[in-house]
Amino acid sequence: MEQRILGKTGRNVSIVGLGTWQLGADWGNVDPAQARDILAASVEAGVTFFDTADVYGDGRSEQAIGAFLADNPGLDITVATKMGRRMEQQPENYNLANFREWTDRSRRNLGTEQLDLVQLHCPPTEVYSNAEVYDALDTLVADGAIRNYGVSVERTDEALEAIRHEGTATVQIILNAFRLKPLDLVLPAAEAAGVGIIARVPLASGLLSGKYTADTSFAADDHRNFNRDGSSFDVGETFSGVDFGQGLKAVAEFEELVPDGVSTAQAAIAWIAAQDGVSTVIPGARNVDQARSNAAAAGVTGIDATFDVGVREIYDRYFRDSIHPRW
């Protein structure tokens with residue numbers, strides 16, 4: 001699989017990585033054996049980048065990755081984790097003492113002395129402009145607890161603020177065919193600053209898989225059921241904030257753009273990877289077949305200028321007015 005430099009980390013990572021929210025059982029139950037199989041299938045397909053967080057299953061996702069890497073020594077895998085959402089979301093909680101506690105826990109979960117990349121996990125907006133926060137993160141690097149740090153954001157203004165700070169190695173942001181605003185300013189600014197872009201929620205919580213209908217139901221413990229109104233966390237994380245019914249109509253038009261022999265999900269992932277400035281795209285996978293199919297998107301051809309125009313036209317018709325001003 002094609003490898004790209006992940007911003008200021010200097011590390012080569014696969015253009016399609018693996019998001020592991022689901023391995024923490026936050027999208028319904030995933031047993032440990034299934035988690036290992038998903039990780040193994042991804043690696044066999046060329047994936048060299050895993051993204052996780054301390055809050056995914058309260059550490060279960062990190063632990064699954066740590067156990068897998070311990071059982072497979074010598075793999076050249078970059079692991080990015082995130083921190084900050086296991087505590088009340090108050091700006092004052094983002095301090096060096098807490099950072100040390102959180103990263104120590106993640107190091108134990110992942111079974112490593114030094115974390116490859118730690119990202120602030122969508123903290124309150126004012127955290128991104130607090131110089132003391134970046135000083136604390138620089139201290140963790142100097143101490144050897146982490147190699148690099150970045151941010152995960154909800155909004156483009158948060159991304160632009162983080163990019164201004166010299167130590168920021170990466171920005172993780174929602175980017176997909178239903179969320180185009182990062183293309184306007186964030187990707188150009190990141191590229192100019194040498195900051196890597198990790199594109200998350202590439203399938204709009206599965207909408208862009210093309211597998212859902214108006215009759216599709218989701219389990220009670222699936223955020224696509226309980227967070228459609230944003231009552232548990234930012235609504236933009238669920239279906240990228242788009243109305244489910246409108247999303248289905250837009251997907252039907254998106255499918256008309258997809259080249260023959262390519263799945264809807266693969267086309268959606270490949271389109272993101274084709275955008276200038278994107279380092280890696282991190283779809284999740286609930287099973288081995290999904291993991292393999294997502295990774296195969298790295299080899300998709302036919303995502304050309306005509307396809308790109310079609311994506312933007314769909315966005316303009318269905319989502320620009322409701323989505324663009326919000327995030």
Side-chain angles (χ1 to χ4, degrees), residues 6 9 11 13-14 16-43 47-87 89 93-94 97-123 137 140-141 143-152 169-170 172 196 198 200-201 221 223 232-233 237 280 282-288 290-291 294:
L6 182 60
T9 72
R11 298 173 72 93
V13 299
S14 53
V16 177
L18 178 69
T20 64
W21 183 0
Q22 72 286 355
L23 300 190
D26 292 322
W27 288 43
N29 291 326
V30 177
D31 67 54
Q34 186 179 23
R36 285 194 301 271
D37 290 345
I38 290 169
L39 293 168
S42 297
V43 171
V47 169
T48 62
F49 181 74
F50 295 156
D51 179 82
T52 185
D54 59 4
V55 76
Y56 293 169
D58 197 26
R60 288 191 298 274
S61 176
E62 288 182 328
Q63 291 163 9
I65 292 170
F68 173 77
L69 295 177
D71 290 341
N72 296 274
L75 289 178
D76 186 16
I77 304 294
T78 297
V79 179
T81 192
K82 297 184 287 292
M83 66 179 182
R85 299 199 69 83
R86 296 182 66 253
M87 182 176 280
Q89 293 298 285
N93 289 335
Y94 288 79
N98 283 336
F99 288 175
R100 282 186 167 138
E101 179 182 341
W102 298 341
T103 55
D104 284 350
R105 182 176 184 269
S106 289
R107 288 193 292 167
R108 290 193 299 270
N109 284 341
L110 287 162
T112 184
E113 288 298 313
Q114 187 178 51
L115 300 172
D116 295 331
L117 173 65
V118 173
Q119 304 154 96
L120 298 183
H121 197 173
C122 300
L137 292 168
L140 293 182
V141 174
D143 288 348
I146 67 176
R147 289 188 177 91
N148 300 278
Y149 63 82
V151 296
S152 183
T170 61
Q172 183 175 146
I198 302 167
R200 79 170 186 275
V201 197
D221 58 354
H223 77 104
S232 295
F233 43 83
E237 298 283 352
T280 186
I282 52 169
R286 289 290 302 276
N287 55 57
V288 166
Q290 284 182 3
N294 289 343

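With rounding to the nearest 0.5 angstrom, the CE atom of M87 is 5.0 Å from the CG atom of N93. Atom CD1 in I198 sits 5.0 Å away from atom CG in L6 (nearest 0.5 Å). Distance check: W21 CH2 to E237 CD gives 5.5 Å after rounding to the nearest 0.5 Å. One finds the OG1 atom of T20 at 8.5 Å from the CD1 atom of I282 (value rounded to the nearest 0.5 Å). Rounding to the nearest 0.5 Å gives a distance of 11.0 Å between CG of L110 and CZ of F50. The OG atom of S14 sits 10.5 Å away from atom CG of D76, with the distance rounded to the nearest 0.5 Å.
The shortest distance between side-chain heavy atoms of V47 and V13 does not fall below 4.5 Å. For the pair T52 and K82, the minimum side-chain heavy-atom distance is 4.5 Å or more. The closest side-chain heavy-atom distance from T81 to L117 is not below 4.5 Å. The closest side-chain heavy-atom distance from L18 to L39 is below 4.5 Å. Using a 4.5 Å heavy-atom threshold, the side chains of L23 and Q34 count as separate.
Looking at S106 and E62, their side chains do bring a donor and an acceptor atom within 3.5 Å of each other. A donor and an acceptor atom, one from each side chain of T9 and R147, are nowhere located under 3.5 Å apart. Checking Q172 against D51 by side-chain atom types alone, a donor-acceptor pair falls below 3.5 Å. At a cut-off of 3.5 Å, with distance as the only test, no side-chain donor of Q63 or Y56 sits close to an acceptor on the other residue.
A salt bridge is defined here as a Lys NZ or Arg NE, NH1 or NH2 lying under 4.0 Å from an Asp or Glu carboxylate O, and D54 with R107 fails to meet this definition.
Side chain of Q114 to main chain of T112: no donor-acceptor pair is present (N/O by atom type, distance under 3.5 Å, no hydrogens or angles). The backbone N or O of G19 lies less than 3.5 Å from a partner atom in the side chain of Q22, making a donor-acceptor pair. Here the side chain of Q119 pairs no donor or acceptor atom with the backbone of S152 at under 3.5 angstrom. Listed for the D31 side chain is a donor-acceptor partner under 3.5 Å among the backbone atoms of A33. Side chain of N294 to backbone of G284: a donor-acceptor contact under 3.5 angstrom is found. A distance-only check finds no donor-acceptor pair linking the side chain of N98 to the backbone of Y94 [under 3.5 Å].
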- May I have the step-by-step check of salt bridge (charged side-chain N to carboxylate O under 4.0 Å, His left out) for D143 and R100, ending in yes or no? CA-CA 10 Å; D143 288 348; R100 282 186 167 138; 2.8 Å; yes

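Between Y149 and W102, the ring centre distance reaches or exceeds 6.0 Å.
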